[in-house]
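Below is one structure, written out as C-alpha coordinates, with a few remarks after it.
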Protein chains: 2
Amino acid sequence: MNDFTSRVADAKIPDATVRRFSLYLRYLEDFERSGINSVASGVLAERGGTTAAQVRKDLSFLGSFGKRGLGYSVRELTGVLRDVLGLDSVWRVALLGAGRIGTALFRYEPFRARGFHITTVIDNDPGKVGTRLGGVMIRGEHELECALTEDRTDLVIVAVPAPVAQALVDRVVAAGIRAVLNYAPAQLRLPDDVALRNVSMTVELESLSHALTRVRRCR
Amino acid sequence: MNDFTSRVADAKIPDATVRRFSLYLRYLEDFERSGINSVASGVLAERGGTTAAQVRKDLSFLGSFGKRGLGYSVRELTGVLRDVLGLDSVWRVALLGAGRIGTALFRYEPFRARGFHITTVIDNDPGKVGTRLGGVMIRGEHELECALTEDRTDLVIVAVPAPVAQALVDRVVAAGIRAVLNYAPAQLRLPDDVALRNVSMTVELESLSHALTRVRRCR
DNA sequence: TTCCACTTGTGAACGATTTCACAAGCAGGG
DNA sequence: CCCTGCTTGTGAAATCGTTCACAAGTGGAA
(Lines give C-alpha, C1' and ligand atoms only; values in the text may rest on other atoms or scores of the structure.)
Protein backbone atom coordinates (compact mmCIF):
# COMPACT_ATOMS: atom_id res chain seq x y z
CA MET A 1 0.00 0.00 0.00
CA ASN A 2 1.29 3.43 -0.79
CA ASP A 3 0.97 6.94 0.57
CA PHE A 4 -2.25 7.73 -1.18
CA THR A 5 -4.36 4.94 0.21
CA SER A 6 -6.00 7.06 2.81
CA ARG A 7 -7.22 9.61 0.31
CA VAL A 8 -8.97 7.16 -1.92
CA ALA A 9 -12.70 7.61 -1.55
CA ASP A 10 -14.16 4.16 -1.70
CA ALA A 11 -17.70 4.91 -2.72
CA LYS A 12 -18.92 2.80 -5.58
CA ILE A 13 -17.20 3.80 -8.78
CA PRO A 14 -19.03 3.19 -12.07
CA ASP A 15 -17.66 0.34 -14.04
CA ALA A 16 -17.09 2.47 -17.11
CA THR A 17 -15.00 4.82 -15.02
CA VAL A 18 -12.87 2.02 -13.62
CA ARG A 19 -12.18 0.81 -17.12
CA ARG A 20 -11.07 4.29 -18.13
CA PHE A 21 -8.78 4.38 -15.09
CA SER A 22 -6.82 1.55 -16.69
CA LEU A 23 -6.39 3.63 -19.80
CA TYR A 24 -5.44 6.79 -17.93
CA LEU A 25 -2.86 4.82 -16.01
CA ARG A 26 -1.37 3.53 -19.20
CA TYR A 27 -0.96 7.06 -20.54
CA LEU A 28 0.37 8.38 -17.27
CA GLU A 29 3.06 5.75 -17.30
CA ASP A 30 4.03 6.92 -20.77
CA PHE A 31 4.18 10.48 -19.51
CA GLU A 32 6.23 9.44 -16.51
CA ARG A 33 8.75 7.74 -18.77
CA SER A 34 8.91 10.91 -20.86
CA GLY A 35 9.74 12.89 -17.74
CA ILE A 36 6.53 14.92 -17.79
CA ASN A 37 5.52 16.01 -14.30
CA SER A 38 1.98 17.20 -14.66
CA VAL A 39 -0.93 16.74 -17.01
CA ALA A 40 -4.15 18.64 -17.51
CA SER A 41 -7.44 16.82 -17.95
CA GLY A 42 -7.54 17.95 -21.56
CA VAL A 43 -4.29 16.21 -22.36
CA LEU A 44 -5.42 12.92 -20.88
CA ALA A 45 -8.72 13.31 -22.67
CA GLU A 46 -7.14 13.80 -26.05
CA ARG A 47 -4.95 10.77 -25.51
CA GLY A 48 -7.85 8.62 -24.41
CA GLY A 49 -10.47 9.70 -26.89
CA THR A 50 -12.82 11.27 -24.36
CA THR A 51 -13.49 14.78 -23.12
CA ALA A 52 -11.78 16.83 -20.46
CA ALA A 53 -14.98 16.95 -18.44
CA GLN A 54 -15.18 13.20 -18.50
CA VAL A 55 -11.64 12.86 -17.22
CA ARG A 56 -12.26 15.29 -14.38
CA LYS A 57 -15.51 13.64 -13.44
CA ASP A 58 -13.81 10.26 -13.41
CA LEU A 59 -10.95 11.46 -11.28
CA SER A 60 -13.31 13.21 -8.90
CA PHE A 61 -14.38 9.77 -7.69
CA LEU A 62 -10.94 9.49 -6.16
CA GLY A 63 -11.10 12.75 -4.24
CA SER A 64 -9.64 15.99 -5.44
CA PHE A 65 -5.94 16.38 -5.76
CA GLY A 66 -5.53 18.22 -9.01
CA LYS A 67 -4.05 21.70 -8.88
CA ARG A 68 -6.21 24.35 -10.46
CA GLY A 69 -4.35 26.15 -13.15
CA LEU A 70 -1.82 23.35 -13.41
CA GLY A 71 -3.41 19.96 -13.76
CA TYR A 72 -2.56 16.72 -12.01
CA SER A 73 0.80 15.52 -10.72
CA VAL A 74 1.72 12.59 -12.92
CA ARG A 75 3.44 10.79 -10.10
CA GLU A 76 0.66 11.32 -7.60
CA LEU A 77 -2.10 10.38 -10.03
CA THR A 78 -0.22 7.27 -11.08
CA GLY A 79 0.00 6.28 -7.44
CA VAL A 80 -3.67 6.84 -6.76
CA LEU A 81 -4.76 4.92 -9.85
CA ARG A 82 -2.46 2.00 -9.14
CA ASP A 83 -3.87 1.91 -5.67
CA VAL A 84 -7.52 2.05 -6.60
CA LEU A 85 -7.00 -0.55 -9.31
CA GLY A 86 -5.31 -2.80 -6.81
CA LEU A 87 -2.07 -2.94 -8.72
CA ASP A 88 0.20 -2.55 -5.74
CA SER A 89 -0.16 -6.12 -4.66
CA VAL A 90 0.76 -9.20 -6.62
CA TRP A 91 -2.27 -11.18 -7.68
CA ARG A 92 -1.95 -14.91 -7.94
CA VAL A 93 -3.76 -16.14 -11.01
CA ALA A 94 -4.82 -19.60 -12.10
CA LEU A 95 -5.22 -20.32 -15.78
CA LEU A 96 -7.81 -22.94 -16.66
CA GLY A 97 -7.11 -24.35 -20.09
CA ALA A 98 -3.73 -24.50 -21.78
CA GLY A 99 -4.99 -24.50 -25.33
CA ARG A 100 -4.16 -21.84 -27.87
CA ILE A 101 -5.91 -19.02 -26.10
CA GLY A 102 -4.66 -20.10 -22.72
CA THR A 103 -1.10 -20.35 -23.94
CA ALA A 104 -1.22 -16.94 -25.59
CA LEU A 105 -2.59 -15.44 -22.39
CA PHE A 106 0.07 -17.17 -20.33
CA ARG A 107 2.79 -15.69 -22.47
CA TYR A 108 1.29 -12.20 -22.56
CA GLU A 109 3.96 -10.07 -20.92
CA PRO A 110 1.91 -7.12 -19.70
CA PHE A 111 0.04 -9.32 -17.23
CA ARG A 112 3.15 -10.07 -15.25
CA ALA A 113 4.33 -6.49 -15.53
CA ARG A 114 1.09 -5.40 -13.87
CA GLY A 115 1.43 -7.82 -11.00
CA PHE A 116 -0.73 -10.65 -12.31
CA HIS A 117 1.32 -13.79 -11.84
CA ILE A 118 0.03 -16.98 -13.34
CA THR A 119 1.08 -19.51 -10.76
CA THR A 120 -1.26 -22.32 -11.65
CA VAL A 121 -2.19 -23.93 -14.95
CA ILE A 122 -4.87 -26.58 -15.26
CA ASP A 123 -5.75 -28.66 -18.31
CA ASN A 124 -7.57 -31.92 -18.72
CA ASP A 125 -5.59 -33.20 -21.69
CA PRO A 126 -3.52 -36.12 -20.29
CA GLY A 127 -0.86 -35.37 -22.89
CA LYS A 128 -0.33 -31.94 -21.40
CA VAL A 129 -0.59 -32.73 -17.71
CA GLY A 130 2.86 -33.00 -16.22
CA THR A 131 4.53 -30.92 -18.94
CA ARG A 132 5.55 -27.34 -18.30
CA LEU A 133 4.22 -24.10 -19.70
CA GLY A 134 6.87 -21.50 -19.11
CA GLY A 135 8.03 -22.40 -15.67
CA VAL A 136 4.69 -23.71 -14.49
CA MET A 137 3.73 -27.36 -14.27
CA ILE A 138 0.39 -28.14 -15.92
CA ARG A 139 -1.86 -29.98 -13.52
CA GLY A 140 -4.89 -32.16 -14.16
CA GLU A 141 -8.42 -31.00 -13.73
CA HIS A 142 -8.95 -33.29 -10.74
CA GLU A 143 -6.32 -31.33 -8.85
CA LEU A 144 -8.21 -28.06 -9.30
CA GLU A 145 -9.36 -27.40 -5.73
CA CYS A 146 -6.09 -28.60 -4.34
CA ALA A 147 -4.06 -26.35 -6.65
CA LEU A 148 -6.18 -23.26 -5.95
CA THR A 149 -5.69 -23.69 -2.23
CA GLU A 150 -2.02 -24.58 -2.30
CA ASP A 151 -1.17 -21.72 -4.63
CA ARG A 152 -3.37 -19.25 -2.73
CA THR A 153 -5.05 -18.20 -5.96
CA ASP A 154 -6.75 -14.79 -6.04
CA LEU A 155 -8.35 -14.93 -9.44
CA VAL A 156 -9.02 -17.33 -12.24
CA ILE A 157 -8.84 -17.00 -16.02
CA VAL A 158 -11.13 -19.36 -17.87
CA ALA A 159 -9.88 -20.44 -21.29
CA VAL A 160 -11.53 -23.81 -21.74
CA PRO A 161 -14.16 -24.82 -24.31
CA ALA A 162 -17.63 -23.48 -23.59
CA PRO A 163 -19.31 -26.77 -22.65
CA VAL A 164 -16.83 -27.42 -19.83
CA ALA A 165 -16.70 -23.88 -18.49
CA GLN A 166 -19.72 -23.74 -16.18
CA ALA A 167 -18.94 -26.94 -14.29
CA LEU A 168 -15.36 -25.91 -13.79
CA VAL A 169 -16.30 -22.44 -12.61
CA ASP A 170 -18.78 -23.84 -10.12
CA ARG A 171 -15.92 -25.72 -8.52
CA VAL A 172 -13.73 -22.64 -8.61
CA VAL A 173 -16.36 -20.61 -6.80
CA ALA A 174 -16.93 -23.37 -4.28
CA ALA A 175 -13.20 -23.24 -3.61
CA GLY A 176 -13.61 -19.62 -2.54
CA ILE A 177 -12.39 -17.69 -5.58
CA ARG A 178 -14.07 -14.28 -5.91
CA ALA A 179 -12.96 -13.08 -9.34
CA VAL A 180 -13.21 -14.72 -12.75
CA LEU A 181 -12.07 -13.54 -16.16
CA ASN A 182 -13.90 -15.57 -18.76
CA TYR A 183 -12.62 -16.10 -22.29
CA ALA A 184 -14.92 -19.03 -22.99
CA PRO A 185 -17.85 -18.29 -25.28
CA ALA A 186 -20.35 -19.12 -22.55
CA GLN A 187 -22.41 -16.99 -20.22
CA LEU A 188 -21.36 -18.14 -16.78
CA ARG A 189 -23.79 -18.11 -13.90
CA LEU A 190 -22.16 -17.09 -10.63
CA PRO A 191 -23.22 -15.84 -7.22
CA ASP A 192 -23.46 -12.05 -6.95
CA ASP A 193 -20.42 -11.71 -4.75
CA VAL A 194 -18.11 -13.12 -7.40
CA ALA A 195 -16.78 -10.56 -9.86
CA LEU A 196 -16.99 -11.69 -13.46
CA ARG A 197 -15.73 -10.15 -16.68
CA ASN A 198 -16.38 -11.70 -20.05
CA VAL A 199 -14.11 -11.24 -22.99
CA SER A 200 -15.68 -12.43 -26.16
CA MET A 201 -13.68 -12.56 -29.31
CA THR A 202 -16.75 -12.96 -31.47
CA VAL A 203 -19.05 -10.40 -29.87
CA GLU A 204 -16.72 -7.59 -30.86
CA LEU A 205 -16.25 -8.91 -34.38
CA GLU A 206 -19.97 -9.30 -34.84
CA SER A 207 -20.66 -5.80 -33.66
CA LEU A 208 -18.19 -4.61 -36.29
CA SER A 209 -19.83 -6.64 -38.97
CA HIS A 210 -23.17 -5.14 -37.94
CA ALA A 211 -21.66 -1.70 -38.35
CA LEU A 212 -20.33 -2.60 -41.78
CA THR A 213 -23.67 -3.97 -42.84
CA ARG A 214 -25.38 -0.74 -41.86
CA VAL A 215 -22.93 1.34 -43.85
CA ARG A 216 -23.40 -0.84 -46.85
CA ARG A 217 -27.18 -0.57 -46.76
CA CYS A 218 -27.13 3.20 -46.56
CA ARG A 219 -25.41 3.54 -49.89
CA MET B 1 -29.33 -12.30 -47.93
CA ASN B 2 -32.17 -14.30 -46.51
CA ASP B 3 -35.92 -14.12 -46.27
CA PHE B 4 -35.97 -11.84 -43.30
CA THR B 5 -33.96 -8.99 -44.69
CA SER B 6 -36.96 -6.91 -45.54
CA ARG B 7 -38.35 -7.07 -42.04
CA VAL B 8 -35.28 -5.77 -40.33
CA ALA B 9 -35.90 -2.26 -39.16
CA ASP B 10 -32.67 -0.40 -39.68
CA ALA B 11 -33.02 2.46 -37.26
CA LYS B 12 -30.00 2.97 -35.10
CA ILE B 13 -29.66 0.16 -32.62
CA PRO B 14 -27.82 0.85 -29.35
CA ASP B 15 -24.41 -0.68 -29.18
CA ALA B 16 -25.17 -2.55 -25.98
CA THR B 17 -28.15 -4.13 -27.69
CA VAL B 18 -26.10 -5.24 -30.68
CA ARG B 19 -23.62 -6.90 -28.37
CA ARG B 20 -26.42 -8.76 -26.67
CA PHE B 21 -27.68 -9.87 -30.07
CA SER B 22 -24.45 -11.83 -30.45
CA LEU B 23 -25.14 -13.59 -27.20
CA TYR B 24 -28.77 -14.28 -28.01
CA LEU B 25 -27.71 -15.75 -31.33
CA ARG B 26 -25.27 -18.05 -29.61
CA TYR B 27 -28.01 -19.38 -27.35
CA LEU B 28 -30.49 -19.70 -30.15
CA GLU B 29 -28.05 -21.83 -32.07
CA ASP B 30 -27.79 -24.07 -29.03
CA PHE B 31 -31.56 -24.31 -28.86
CA GLU B 32 -31.78 -25.05 -32.56
CA ARG B 33 -29.32 -27.91 -32.16
CA SER B 34 -31.42 -29.23 -29.29
CA GLY B 35 -34.46 -29.24 -31.53
CA ILE B 36 -36.31 -26.55 -29.58
CA ASN B 37 -38.70 -24.60 -31.80
CA SER B 38 -39.64 -21.61 -29.76
CA VAL B 39 -38.30 -19.63 -26.84
CA ALA B 40 -39.84 -17.08 -24.51
CA SER B 41 -37.99 -13.92 -23.62
CA GLY B 42 -37.62 -15.18 -20.06
CA VAL B 43 -35.70 -18.23 -21.20
CA LEU B 44 -33.27 -16.20 -23.27
CA ALA B 45 -32.92 -13.79 -20.38
CA GLU B 46 -32.07 -16.47 -17.90
CA ARG B 47 -29.49 -17.88 -20.26
CA GLY B 48 -27.92 -14.52 -20.93
CA GLY B 49 -27.96 -13.06 -17.45
CA THR B 50 -30.41 -10.25 -18.17
CA THR B 51 -34.11 -9.72 -17.70
CA ALA B 52 -37.05 -10.72 -19.85
CA ALA B 53 -37.96 -7.07 -20.37
CA GLN B 54 -34.46 -6.36 -21.61
CA VAL B 55 -34.66 -9.16 -24.14
CA ARG B 56 -38.01 -7.99 -25.43
CA LYS B 57 -36.87 -4.41 -25.67
CA ASP B 58 -33.77 -5.49 -27.55
CA LEU B 59 -35.70 -7.61 -29.99
CA SER B 60 -38.26 -4.88 -30.53
CA PHE B 61 -35.57 -2.97 -32.41
CA LEU B 62 -35.89 -5.61 -35.09
CA GLY B 63 -39.63 -5.29 -35.48
CA SER B 64 -42.15 -7.53 -33.80
CA PHE B 65 -42.39 -11.12 -34.76
CA GLY B 66 -42.81 -12.87 -31.44
CA LYS B 67 -46.04 -14.70 -30.81
CA ARG B 68 -47.84 -13.61 -27.69
CA GLY B 69 -48.44 -16.50 -25.38
CA LEU B 70 -45.80 -18.56 -27.18
CA GLY B 71 -42.53 -16.72 -27.54
CA TYR B 72 -40.23 -16.43 -30.53
CA SER B 73 -39.63 -18.93 -33.30
CA VAL B 74 -36.07 -20.09 -32.83
CA ARG B 75 -35.52 -20.50 -36.53
CA GLU B 76 -36.98 -17.13 -37.47
CA LEU B 77 -35.16 -15.25 -34.74
CA THR B 78 -31.88 -16.91 -35.63
CA GLY B 79 -32.36 -15.75 -39.19
CA VAL B 80 -33.15 -12.18 -38.24
CA LEU B 81 -30.20 -11.93 -35.88
CA ARG B 82 -27.77 -13.40 -38.37
CA ASP B 83 -29.03 -10.90 -40.87
CA VAL B 84 -28.81 -7.84 -38.68
CA LEU B 85 -25.36 -8.85 -37.47
CA GLY B 86 -24.23 -9.24 -41.04
CA LEU B 87 -23.36 -12.90 -40.67
CA ASP B 88 -24.85 -14.02 -43.92
CA SER B 89 -21.96 -12.81 -45.96
CA VAL B 90 -18.33 -13.87 -45.73
CA TRP B 91 -16.11 -11.11 -44.37
CA ARG B 92 -12.55 -10.96 -45.59
CA VAL B 93 -10.26 -10.14 -42.71
CA ALA B 94 -6.64 -9.03 -42.61
CA LEU B 95 -4.57 -9.82 -39.55
CA LEU B 96 -1.82 -7.35 -38.75
CA GLY B 97 0.80 -8.99 -36.57
CA ALA B 98 1.58 -12.69 -36.45
CA GLY B 99 2.96 -12.75 -32.93
CA ARG B 100 1.47 -14.77 -30.13
CA ILE B 101 -1.83 -12.96 -30.00
CA GLY B 102 -2.11 -12.77 -33.75
CA THR B 103 -1.41 -16.46 -34.14
CA ALA B 104 -3.91 -17.42 -31.47
CA LEU B 105 -6.54 -15.27 -33.17
CA PHE B 106 -5.72 -16.77 -36.55
CA ARG B 107 -6.27 -20.24 -35.21
CA TYR B 108 -9.45 -19.37 -33.33
CA GLU B 109 -12.04 -21.62 -34.98
CA PRO B 110 -15.24 -19.73 -34.21
CA PHE B 111 -14.16 -16.83 -36.40
CA ARG B 112 -14.22 -18.91 -39.53
CA ALA B 113 -17.40 -20.62 -38.46
CA ARG B 114 -19.06 -17.22 -38.29
CA GLY B 115 -17.94 -16.17 -41.73
CA PHE B 116 -14.83 -14.22 -40.81
CA HIS B 117 -12.09 -15.49 -43.10
CA ILE B 118 -8.57 -14.33 -42.43
CA THR B 119 -7.22 -14.05 -45.94
CA THR B 120 -4.28 -11.77 -45.29
CA VAL B 121 -1.53 -11.82 -42.68
CA ILE B 122 1.01 -9.04 -42.34
CA ASP B 123 4.09 -8.98 -40.13
CA ASN B 124 7.27 -6.95 -40.24
CA ASP B 125 9.59 -9.64 -38.91
CA PRO B 126 11.74 -10.64 -41.91
CA GLY B 127 12.07 -14.10 -40.41
CA LYS B 128 8.32 -14.60 -40.68
CA VAL B 129 7.65 -12.95 -44.03
CA GLY B 130 7.33 -15.59 -46.71
CA THR B 131 6.46 -18.38 -44.27
CA ARG B 132 2.92 -19.64 -43.94
CA LEU B 133 0.45 -19.37 -41.11
CA GLY B 134 -2.18 -22.01 -41.68
CA GLY B 135 -2.67 -21.75 -45.40
CA VAL B 136 -1.91 -18.06 -45.62
CA MET B 137 1.40 -16.55 -46.71
CA ILE B 138 2.73 -13.92 -44.33
CA ARG B 139 3.52 -10.72 -46.18
CA GLY B 140 5.76 -7.82 -45.24
CA GLU B 141 4.50 -4.55 -43.88
CA HIS B 142 5.46 -2.70 -47.04
CA GLU B 143 2.93 -4.76 -48.94
CA LEU B 144 0.09 -3.66 -46.70
CA GLU B 145 -1.90 -1.46 -49.09
CA CYS B 146 -1.31 -3.81 -51.93
CA ALA B 147 -2.49 -6.82 -49.93
CA LEU B 148 -5.62 -5.09 -48.64
CA THR B 149 -6.66 -4.18 -52.16
CA GLU B 150 -5.80 -7.47 -53.81
CA ASP B 151 -7.53 -9.50 -51.13
CA ARG B 152 -10.55 -7.18 -51.05
CA THR B 153 -10.29 -6.91 -47.29
CA ASP B 154 -13.41 -5.86 -45.37
CA LEU B 155 -11.99 -5.52 -41.91
CA VAL B 156 -8.70 -5.53 -40.10
CA ILE B 157 -7.58 -7.06 -36.81
CA VAL B 158 -4.67 -5.22 -35.19
CA ALA B 159 -2.37 -7.41 -33.11
CA VAL B 160 0.92 -5.54 -33.29
CA PRO B 161 2.84 -3.87 -30.45
CA ALA B 162 1.31 -0.59 -29.27
CA PRO B 163 3.99 1.77 -30.62
CA VAL B 164 3.50 0.56 -34.19
CA ALA B 165 -0.27 0.40 -34.14
CA GLN B 166 -1.31 3.96 -34.92
CA ALA B 167 0.94 4.38 -37.96
CA LEU B 168 -0.20 1.09 -39.40
CA VAL B 169 -3.85 1.85 -38.83
CA ASP B 170 -3.52 5.21 -40.52
CA ARG B 171 -2.39 3.40 -43.63
CA VAL B 172 -5.20 0.89 -43.30
CA VAL B 173 -7.77 3.66 -43.12
CA ALA B 174 -6.20 5.46 -46.04
CA ALA B 175 -6.56 2.23 -47.98
CA GLY B 176 -10.31 2.45 -47.47
CA ILE B 177 -10.92 -0.02 -44.65
CA ARG B 178 -13.94 0.91 -42.54
CA ALA B 179 -13.74 -1.48 -39.60
CA VAL B 180 -10.93 -2.20 -37.16
CA LEU B 181 -10.72 -4.61 -34.25
CA ASN B 182 -7.86 -3.53 -32.04
CA TYR B 183 -6.01 -5.87 -29.69
CA ALA B 184 -3.05 -3.55 -29.25
CA PRO B 185 -2.85 -1.75 -25.92
CA ALA B 186 -3.12 1.63 -27.59
CA GLN B 187 -5.98 4.06 -28.04
CA LEU B 188 -6.26 4.45 -31.78
CA ARG B 189 -7.42 7.70 -33.31
CA LEU B 190 -9.59 7.18 -36.37
CA PRO B 191 -12.04 9.16 -38.47
CA ASP B 192 -15.64 8.93 -37.29
CA ASP B 193 -16.79 6.84 -40.19
CA VAL B 194 -14.47 3.98 -39.31
CA ALA B 195 -15.88 1.49 -36.82
CA LEU B 196 -13.47 0.61 -34.06
CA ARG B 197 -13.66 -1.92 -31.24
CA ASN B 198 -10.95 -2.25 -28.65
CA VAL B 199 -10.23 -5.45 -26.81
CA SER B 200 -7.90 -4.95 -23.94
CA MET B 201 -6.59 -7.88 -22.04
CA THR B 202 -5.41 -5.75 -19.16
CA VAL B 203 -8.39 -3.44 -18.77
CA GLU B 204 -10.61 -6.37 -17.85
CA LEU B 205 -8.07 -7.85 -15.47
CA GLU B 206 -7.55 -4.51 -13.77
CA SER B 207 -11.25 -3.97 -13.34
CA LEU B 208 -11.34 -7.35 -11.61
CA SER B 209 -8.48 -6.48 -9.37
CA HIS B 210 -10.26 -3.26 -8.48
CA ALA B 211 -13.31 -5.32 -7.53
CA LEU B 212 -11.18 -7.62 -5.40
CA THR B 213 -9.55 -4.70 -3.67
CA ARG B 214 -12.92 -3.26 -2.76
CA VAL B 215 -14.11 -6.53 -1.28
CA ARG B 216 -10.96 -6.82 0.76
CA ARG B 217 -11.27 -3.34 2.20
CA CYS B 218 -14.84 -3.88 3.29
CA ARG B 219 -13.93 -6.71 5.62
C1' DT C 1 -0.40 43.85 -4.83
C1' DT C 2 -3.30 43.15 -8.82
C1' DC C 3 -4.21 41.12 -13.03
C1' DC C 4 -4.30 37.42 -16.27
C1' DA C 5 -4.35 32.97 -18.29
C1' DC C 6 -5.21 28.58 -17.13
C1' DT C 7 -7.36 24.58 -14.99
C1' DT C 8 -9.93 22.02 -11.49
C1' DG C 9 -14.23 20.36 -9.16
C1' DT C 10 -19.03 19.97 -9.33
C1' DG C 11 -24.15 20.89 -9.46
C1' DA C 12 -27.40 20.77 -12.97
C1' DA C 13 -28.97 19.63 -17.64
C1' DC C 14 -29.04 16.29 -20.80
C1' DG C 15 -29.12 11.86 -23.06
C1' DA C 16 -29.13 7.03 -23.16
C1' DT C 17 -30.33 2.65 -21.32
C1' DT C 18 -32.81 -0.28 -18.23
C1' DT C 19 -36.73 -1.53 -15.66
C1' DC C 20 -41.61 -1.37 -14.76
C1' DA C 21 -46.29 -2.21 -15.63
C1' DC C 22 -49.94 -3.38 -18.28
C1' DA C 23 -52.99 -3.70 -22.41
C1' DA C 24 -53.40 -6.78 -26.13
C1' DG C 25 -52.84 -11.22 -28.50
C1' DC C 26 -52.62 -16.21 -28.82
C1' DA C 27 -53.50 -21.36 -27.73
C1' DG C 28 -55.79 -24.80 -25.53
C1' DG C 29 -59.52 -26.73 -22.71
C1' DG C 30 -64.06 -27.13 -21.56
C1' DC D 1 -67.84 -19.76 -27.70
C1' DC D 2 -65.65 -18.11 -23.50
C1' DC D 3 -62.33 -18.48 -20.01
C1' DT D 4 -57.64 -19.14 -18.33
C1' DG D 5 -52.75 -19.04 -18.46
C1' DC D 6 -49.06 -17.37 -20.66
C1' DT D 7 -46.24 -14.08 -23.31
C1' DT D 8 -45.32 -10.18 -26.30
C1' DG D 9 -44.76 -5.16 -27.37
C1' DT D 10 -44.36 -0.71 -25.62
C1' DG D 11 -45.20 3.81 -23.40
C1' DA D 12 -43.76 5.77 -18.98
C1' DA D 13 -40.71 5.96 -15.03
C1' DA D 14 -36.45 5.26 -13.07
C1' DT D 15 -31.71 4.79 -13.24
C1' DC D 16 -27.24 5.51 -14.91
C1' DG D 17 -23.64 7.93 -17.44
C1' DT D 18 -22.00 12.03 -19.99
C1' DT D 19 -21.69 16.79 -21.07
C1' DC D 20 -22.21 21.62 -19.87
C1' DA D 21 -21.16 25.68 -17.55
C1' DC D 22 -19.16 28.25 -14.25
C1' DA D 23 -17.39 29.59 -9.61
C1' DA D 24 -13.19 29.08 -7.36
C1' DG D 25 -8.19 28.16 -6.92
C1' DT D 26 -3.38 28.61 -8.71
C1' DG D 27 1.04 30.46 -10.42
C1' DG D 28 3.40 33.90 -12.74
C1' DA D 29 4.16 38.46 -14.54
C1' DA D 30 4.12 43.24 -13.98
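Naming convention: chains lettered A, B, ... in sequence-line order (proteins, then strands); numbering from 1 in each chain.
- With D:dT18, C:dT17, C:dC26 as the choices, the nucleotide that has an atom nearest any side-chain atom of A:Ala16 turns out to be D:dT18.
- Distance from the side chain of B:Arg56 is smallest for C:dA21 among the nucleotides D:dT26, C:dA21, D:dT18.
- In this model, the phosphate group of C:dG9 is not approached by any side-chain N or O of A:Ser60 to a distance below 4.0 Å at OP1 or OP2.
- In this structure, A:Arg47 and B:Gln187 have side chains that are not in contact, with every pair of non-hydrogen atoms separated by 4.5 Å or more.
- Listed for the B:Thr17 side chain is no donor-acceptor partner under 3.5 Å among the backbone atoms of B:Ile13.
- Rounded to whole angstrom, the span from the CZ atom of B:Phe65 across to the C1' atom of C:dC26 amounts to 17 Å.
- Within the 4.5 Å cutoff, the side chain of A:Leu25 has heavy atoms near those of the A:Leu87 side chain.
- Taking the side chain as every heavy atom from C-beta outward, B:Leu96 and B:Leu144 approach each other to under 4.5 Å.
- In this structure, the CG atom of B:Leu62 is 12 Å from the P atom of D:dT10, given to the nearest Å.
- Nucleotide D:dG11 holds its C1' atom 13 Å from the CZ atom of B:Phe61, rounded to whole Å.
- In this structure, the nucleotide among C:dT17, D:dT18, C:dG25 sitting nearest to the side chain of A:Arg20 is D:dT18.
- Distances shorter than 4.0 Å separate none of the side-chain N or O atoms of B:Ser64 from OP1 or OP2 on D:dT8.
- Remark: A:Thr51 is in phosphate contact with D:dT19, judged by side-chain N or O atoms under 4.0 Å from OP1 or OP2.
- Whole-Å rounding puts the A:Tyr24 OH to C:dT8 P distance at 12 Å.
- One can place CZ of A:Phe21 at 14 Å from C1' of D:dG17, the figure rounded to the nearest angstrom.
- Between the P atom of C:dC26 and the CZ atom of B:Arg68 lies a distance of 7 Å, rounded to the nearest Å.
- The nearest whole Å value for the distance from the NZ atom in B:Lys67 to the C1' atom in C:dA27 is 12 Å.
- In the set D:dT18, C:dT18, C:dC26, the nucleotide with an atom closest to the side chain of B:Gln54 is C:dT18.
- Taking the ring centroids of B:Phe111 and B:Tyr108, they lie under the 6.0 Å cut-off.
- Nucleic acid contact for B:Thr17: none, since no nucleic acid atom lies under 4.0 Å from a heavy atom of the residue.
- Whole-Å rounding puts the A:Arg19 CZ to D:dT18 C1' distance at 16 Å.
- Each of A:Leu70 and A:Pro14 lies near DNA chain D, and the nucleotide nearest A:Pro14 is the one positioned closer to the 5' end.
- Distance from the side chain of B:Lys57 is smallest for D:dT10 among the nucleotides C:dG9, D:dT10, C:dG11.
- Side-chain N/O atoms of A:Tyr72 include none lying less than 4.0 angstrom from OP1 or OP2 on D:dT26.
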